[in-house]
Amino acid sequence: NVYGDGMPRNTPYSGVAAMFRSSLDAGDPPRVFEDGRQTRDFVHVRDVAAANIAALDAELPEFAAFNVCSGQPITIGEVATTLARSCGGPEPVVTGKYRPGDVRHIVADPRRAEQVLGFRARIRPHDGLTAFAHAPLRNARSVGSPHV
């Protein structure tokens, strides 16, 4: 779950952090599915950029896949609460509703990226999300059909 400055607002494709921010910007509480205790790994876009630079600098001899992540699980409820409190918005509403096919816990392991690339995320989720509460967002552009 990547987040950071310049994310598009008001689109389900931008991720839950931006969706929560869009709700808060509108004066509405973030709506949290299930019980809010499902965990995810949130990584700041600056750390993602640093991981890409580390991969380029590593000059790997062949294709290799790495988890680009913080390695620090955080609950969706904590994400919503951190954003709401950081921007002085309304407290999150836990809906108890479930989304079909949603996974309870998704957390990545950063060890291989650290061992091979020397990359480790520097921005802790709580710190990054606190700053993200005030970060500029951009309006999502509609994408039409391609011109042939």
Side-chain angles (χ1 to χ4, degrees), residues 1-26 29-95 98-143 146:
N1 287 287
V2 179
Y3 68 95
D5 298 17
M7 288 186 74
R9 69 178 80 237
N10 297 324
T11 171
Y13 303 108
S14 62
V16 70
M19 291 170 56
F20 288 164
R21 266 292 309 279
S22 293
S23 293
L24 289 161
D25 288 352
R31 296 182 55 77
V32 179
F33 285 102
E34 299 183 31
D35 60 3
R37 291 189 296 234
Q38 57 275 36
T39 54
R40 300 289 184 269
D41 190 310
F42 282 79
V43 63
H44 196 280
V45 68
R46 288 187 186 133
D47 281 328
V48 173
N52 279 281
I53 291 169
L56 289 171
D57 290 346
E59 297 183 17
L60 301 170
E62 58 187 9
F63 173 83
F66 300 92
N67 289 324
V68 176
C69 59
S70 70
Q72 300 174 25
I74 185 171
T75 69
I76 296 298
E78 289 175 293
V79 172
T81 299
T82 298
L83 290 171
R85 290 182 179 166
S86 297
C87 71
E91 288 292 311
V93 172
V94 177
T95 67
Y98 292 81
R99 296 185 307 172
D102 209 358
V103 178
R104 182 76 173 156
H105 303 292
I106 303 173
V107 179
D109 183 345
R111 288 181 288 190
R112 184 161 187 250
E114 185 171 13
Q115 292 165 351
V116 177
L117 303 177
F119 167 76
R120 183 165 193 86
R122 296 178 189 255
I123 301 172
R124 297 172 49 91
H126 185 283
D127 298 336
L129 289 163
T130 298
F132 180 63
H134 303 283
L137 298 179
R138 64 183 168 79
N139 289 325
R141 296 181 188 181
S142 359
V143 178

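This chain uses plain numbering: 1 for the first residue, then up along the sequence. As a basis for the values below, the full set of heavy atoms in this structure was taken, side chains included, without hydrogen atoms, waters or symmetry mates.
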> Check whether any side-chain heavy atom of R138 sits under 4.5 Å from a side-chain heavy atom of M7, and report yes or no.
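They are not in contact (no side-chain heavy atoms under 4.5 Å apart), so the answer is no.
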> So, does S70 use its side chain to make a donor-acceptor pair with the main chain of F42 at under 3.5 Å?
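Looks like yes, one N/O pair under 3.5 Å.
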> Check for a donor-acceptor pair, side chain of N67 on one end and backbone N or O of C69 on the other, with a separation under 3.5 Å.
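Side chain of N67 to backbone of C69: no pair is present.
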> Can you tell me how far apart CG (L117) and CG (D57) are? Round to the nearest 0.5 Å.
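Going from the CG atom of L117 to the CG atom of D57 covers 9.5 Å.
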> Step by step, would you call E91 with R85 a salt bridge (Lys or Arg N to Asp or Glu O under 4.0 Å)?
CA-CA 7 Å; E91 288 292 311; R85 290 182 179 166; 3.2 Å; yes
> Could you check whether any side-chain heavy atom of V68 comes within less than 4.5 Å of a side-chain heavy atom of D47, counting everything from C-beta outward?
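Result no, sub-4.5 Å side-chain heavy-atom pair not found.
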> Indicate yes or no for a side-chain donor-acceptor contact from H44 to the backbone of G128 under 3.5 Å, with no hydrogens or angles considered.
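Not at all, since once roles are kept as given, no pair shorter than 3.5 Å links the two residues.
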> Could you tell me whether the side chain of R31 reaches within less than 4.5 Å of the side chain of M19, counting heavy atoms only?
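They are not in contact (no side-chain heavy atoms under 4.5 Å apart), so the answer is no.
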> Hey, what do you get for OH (Y3) to CZ (R46), rounding to the nearest 0.5 Å?
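The distance works out to 10.0 Å.
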> Taking the side chain as every heavy atom from C-beta outward, state whether T81 and P30 have any pair of such atoms under 4.5 Å apart.
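They are not in side-chain contact.
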> Checking the side chain of R124 only, and the main-chain atoms of Q72 only, is there a donor and an acceptor separated by less than 3.5 Å?
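No.
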> What are the two closest non-hydrogen atoms of F63 and A65, and how far apart are they?
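Between these two residues, the closest heavy atoms are CE2-N, 4.2 Å.
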> Using atom types as modelled and distance alone, determine if a side-chain donor or acceptor of Q38 lies under 3.5 Å from a backbone N or O of F33.
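Checked: pair present.
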> Identify the heavy atoms of G71 and P73 that sit nearest to each other, and give their distance.
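Where G71 meets P73 most closely, the heavy atoms are O-CD, 3.6 Å.
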> Can you tell me if R122 has over 12 outside heavy atoms packed within less than 6.0 Å of its CZ?
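No.
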> Once you round to the nearest 0.5 Å, how far does CG of D41 lie from CD1 of I74?
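Output value for this atom pair is 10.0 Å.
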> Which pair of non-hydrogen atoms, one from H134 and one from C87, has the smallest distance, and what is that distance?
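Closest approach of H134 to C87: CE1-CA, 3.8 Å.
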> Applying the side-chain contact (heavy atoms from CB on, under 4.5 Å) criterion to F20, which one of L129, D25, V32 satisfies it?
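In the set L129, D25, V32, the residue that makes a side-chain contact (heavy atoms from CB on, under 4.5 Å) with F20 is V32.
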> In the structure I gave you, are the side-chain heavy atoms of E34 and V94 within less than 4.5 Å of one another anywhere?
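In short, these two side chains do not touch, never coming nearer than 4.5 Å.
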> Quick one: CG on N1 to CD1 on I106, what's the gap to the nearest 0.5 Å?
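Taking CG in N1 and CD1 in I106, the distance rounds to 7.0 Å.
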> Nearest heavy-atom pair of R37 and T75: which atoms, and what distance?
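Smallest heavy-atom distance, with atoms named: O-CG2, 3.8 Å.
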> Please check: side-chain N/O of N52 versus main-chain N/O of V48, any donor-acceptor pairing under 3.5 Å?
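Looks like yes, one N/O pair under 3.5 Å.
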> Ignoring hydrogens and geometry, is there a side-chain-to-backbone donor-acceptor pair from E78 to I76 under 3.5 Å?
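Here the side-chain-to-backbone pair does not exist.
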> Would you say R40's side chain and R104's backbone share a donor-acceptor pair under 3.5 angstrom?
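Pair found, side chain donor or acceptor close to backbone of R104.
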> How far apart are the closest heavy atoms of F119 and A54, and which atoms are they?
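Between these two residues, the closest heavy atoms are CB-CB, 4.2 Å.
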> The test is side chain to side chain contact (heavy atoms under 4.5 Å, CB included); show your working for D5 and L137 and say whether it passes.
CA-CA 6 Å; D5 298 17; L137 298 179; over 6 Å; no
> Looking at every heavy atom in both A17 and F132, which two are closest together, and how far apart are they?
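Heavy-atom minimum between the residues: O-CE2, 3.6 Å.
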